[in-house]
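In what follows, a structure is listed as C-alpha cells, so that the remarks can point back to it.
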Amino acid sequence: QAGTQEKNVDEFLRSHPEFSGTGTLSWNTRMKQYLGRGARIKFEEAAIREVTYRPFCTQVGYMAAELNDRQGELPLVFPTTHHRNFGIVLTAPASHFEFTPFFAAHVPDLHLLDTGQFFPRWTYEKSEPSDGGLDFGSPDESSTDEWGFRRVDNISDGILALYCGTVGDQVTKDDIFFYVYGLLHDPAYRETYASDLKKMLPHIPTPDTRERFEQLASAGRRLADLHVDYEAVDPYPLDVKLKSSASASDCETWRVSKMKWGKKKDSETGKNVDDRTTIIYSPKVTIAGIPEDAERYMLGSRSALAWIIDRYQVKADKASGIVNDPNDWCDEHDDPTYIVDLIKRVTTVAVETMKIVDSLG
C-alpha cells in the first residue's frame, strides 16, 4: 500500500499474508523500505543477465539493486550486458567443503560452489563527464567506452613490476592472472597450505623460476578455457544405450526427469553402491563408459558430473510452485540431445582437467 510508513511495514505484512507468503519475494530490509515509502520498481530489460548459477549450469537472472540485496561490487564487475569479464570463484574460508577454485565468465551466484568470493579480471568505473573538457591530472577520457565506462585492471602495476623483475619483462598481467588460477589447482600447493586455506584466502607466492611460472600460467589458461567454454569442447565418446522400444529420432526419448547413478555390488560388502561409470538418464536411456578419472574432478561437494545430475532435473520450488524444467531449454532451441551432449562434454572437461592437474606435480 503506497504511503505505508516503514515502521508499520512488518505489521502490514503480518496482517496481509497474501503479500508475504507467496514464496516469490523475499521481504528483506531494502524491500520493506521501498514499501514504506510507496516506491515503484520498474522492469528493466537491461537487467536481464546470464548467470553462472552452479558449475556447468548457466541461467537467466535479473540484476537490479532494487531486487538483489547486497550486490557488493558486482555492478562494477558486470556493469552492463556489453561488458565482458571473467574471474576466479573460490570457496570462502570456513567453507563446508574442500577448498575449490572455479572460473566464471558471467555474473556468479553467491552459492555457485558454497558461499564464496569472486575475483574478477577487471572492474569498471563510470566516467563522469567534465564541464569543459579534459582536465590535466584526471583519468584519460579517451579510454572511456561508448557506454560511458572505463576498464580498470585488477592486476596492479606494482605486481607486474615484481613479476617482471623475477621472471622477465615478457610477463603480462593476463599471464599473472592465469598463473594464479593454475597455482590454485596445484596439488602440492593445496596440500602444503591445506590448513591455511580452511581459515583464510589464498596467499600467492611469487614464482621461483621463469619455467615454473610459465608452466602454471599455461595450465591456468587451459583450465580456464575448459571451465568457461565447456559447451564447445569435444564430447567424450560415452556409450549411450537406448531401450529397444525407444527411437533416437523421437524427442520424447531424450526428455529428462531426474537422473541417477547406476548401481553395482560392492565386492566386499555385497551391498548395492553407486556406479560412477554409469548414469541412468531416464527409463529409456542409459549412459555408460564414464572413465573413473571423471569422478576425481571435485567442485566443492560434488564431482563435475554429479553437478549435472543435481541441476538438470525437473524440480518444483515448494514455496512458489515455480517449476524448473531443463527440457524447456532443449525445446526452445530444438536440441533434444543437449543434456546428453552436455554430459559427454563435461566428462571431457573433467578428464582433461585432471590431466592438467596431474602434470603440475
Side-chain angles (χ1 to χ4, degrees), residues 24-26 28-31 33-34 39-90 101-113 115-135 138-157 172-174 176-178 180-181 221 224-232 311 322 324 328-329 332-333:
T24 58
L25 179 65
S26 174
N28 55 28
T29 299
R30 182 189 295 265
M31 293 305 301
Q33 290 172 347
Y34 281 131
R40 291 182 176 271
I41 299 175
K42 292 177 59 179
F43 169 75
E44 298 287 348
E45 188 171 354
I48 298 175
R49 305 295 184 88
E50 286 188 282
V51 176
T52 304
Y53 184 67
R54 295 292 183 269
F56 315 112
C57 179
T58 301
Q59 295 190 348
V60 176
Y62 191 81
M63 185 176 169
E66 296 89 349
L67 294 175
N68 303 130
D69 202 21
R70 301 181 183 180
Q71 287 187 330
E73 300 299 312
L74 280 179
L76 302 179
V77 177
F78 296 96
T80 76
T81 56
H82 305 287
H83 291 88
R84 171 178 172 267
N85 213 338
F86 54 79
I88 300 169
V89 178
L90 297 179
F102 194 56
F103 215 78
H106 302 301
V107 178
D109 184 87
L110 175 63
H111 303 293
L112 199 164
L113 293 169
T115 302
Q117 291 179 258
F118 182 59
F119 296 88
R121 177 66 185 85
W122 303 286
T123 50
Y124 293 85
E125 61 180 16
K126 188 70 174 175
S127 176
E128 299 297 338
S130 56
D131 56 353
L134 181 64
D135 294 324
S138 64
D140 181 5
E141 292 195 6
S142 65
S143 63
T144 300
D145 63 30
E146 60 186 293
W147 299 281
F149 288 89
R150 285 188 292 263
R151 193 172 74 174
V152 179
D153 202 313
N154 287 337
I155 304 295
S156 70
D157 292 340
T172 68
K173 292 184 176 183
D174 277 348
I176 296 171
F177 193 81
F178 291 113
V180 171
Y181 195 53
R221 284 181 183 274
D225 286 342
L226 278 171
H227 300 162
V228 167
D229 294 327
Y230 61 90
E231 291 181 303
R311 299 311 313 171
I322 295 173
N324 180 37
D328 290 344
W329 194 97
E332 291 166 8
H333 293 79

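Values in this document were obtained by computation on a predicted structure and should not be read as measured data. If you read the sequence from its start, that first residue is 1, and numbering goes on from there.
Contact check for Y124 versus N85: side-chain heavy atoms found under the 4.5 Å cut-off. Within the 4.5 Å cutoff, the side chain of F78 has no heavy atoms near those of the H106 side chain. Considering only heavy atoms from C-beta on, K126 stays 4.5 Å or farther from L76 through its side chain. With contacts defined as side-chain heavy-atom distances shorter than 4.5 Å, the pair F103/D229 does not qualify. For the pair V51 and M63, the minimum side-chain heavy-atom distance is 4.5 Å or more. Using a 4.5 Å heavy-atom cutoff, the side chains of L74 and P108 are in contact.
The CD1 atom of I48 sits 10.0 Å away from atom OG1 of T81, with the distance rounded to the nearest 0.5 Å. Rounding to the nearest 0.5 Å gives a distance of 6.0 Å between OG1 of T80 and CZ of R49. Here CD of Q33 is found 13.0 Å from CD of E66. Values are rounded to the nearest 0.5 Å. Here the CG-CG distance, from L90 to L112, works out to 11.0 Å after rounding to the nearest 0.5 Å. Atom NE2 of H227 and atom CD1 of I88 lie 11.5 Å apart (nearest 0.5 Å).
Between G87 and F177, the shortest heavy-atom distance links the atoms CA-CZ, 3.9 Å. When all heavy atoms are compared, the tightest approach of S143 to R150 is OG-CD, 3.2 Å. For the residue pair P120 and V77, the shortest heavy atom distance occurs at CB-CG1, 3.6 Å.
Under the side-chain hydrogen bond (donor to acceptor under 3.5 Å, both in side chains) criterion, D153 pairs with R121, not counting sequence neighbours. With sequence neighbours excluded, no residue forms a side chain to side chain contact (heavy atoms under 4.5 Å, CB included) with R40. Every residue two or more places apart in sequence or in another chain that forms a side chain to side chain contact (heavy atoms under 4.5 Å, CB included) with E332 is listed here: D328. Applying the side-chain hydrogen bond (donor to acceptor under 3.5 Å, both in side chains) rule to R54 yields the partners D109; only residues at least two apart in sequence or on another chain are considered. Checked against side-chain hydrogen bond (donor to acceptor under 3.5 Å, both in side chains), T172 has the following partners two or more places apart in sequence or in another chain: D175. Residues satisfying the side-chain hydrogen bond (donor to acceptor under 3.5 Å, both in side chains) criterion with N154, sequence neighbours excluded, are T123. In terms of the ring pair (Phe, Tyr, Trp, His ring centres under 6.0 Å) criterion, residue partners of H82 (sequence neighbours excluded) are, by chain and number, W147. Under the rule for a side chain to side chain contact (heavy atoms under 4.5 Å, CB included), the partners of T115 that lie at least two apart in sequence or sit in another chain are L110, H111. Considering only residues two or more places apart in sequence or on other chains, F118 meets the ring pair (Phe, Tyr, Trp, His ring centres under 6.0 Å) condition with none of them. In this view, D69 and R30 satisfy the salt bridge (Lys or Arg N to Asp or Glu O under 4.0 Å) rule, not counting sequence neighbours. Evaluation of the ring pair (Phe, Tyr, Trp, His ring centres under 6.0 Å) rule for F149 yields H83 as partners, not counting sequence neighbours.
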In residues 55-62, what donor-acceptor pairs under 3.5 Å come from side-chain atoms, sequence neighbours left out?
{"from": "T58", "atom 1": "OG1", "to": "Y230", "atom 2": "OH", "distance (Å)": "3.4"}
{"from": "Y62", "atom 1": "OH", "to": "E44", "atom 2": "N", "distance (Å)": "2.8"}

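Ring orientation note: the planes of F178 and F86 are close to parallel, at an angle under 30° on the 30°/60° scale.
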| Can you check side chain to side chain contact (heavy atoms under 4.5 Å, CB included) on M31 and I41, steps first, answer last? | CA-CA 10 Å; M31 293 305 301; I41 299 175; 3.8 Å; yes
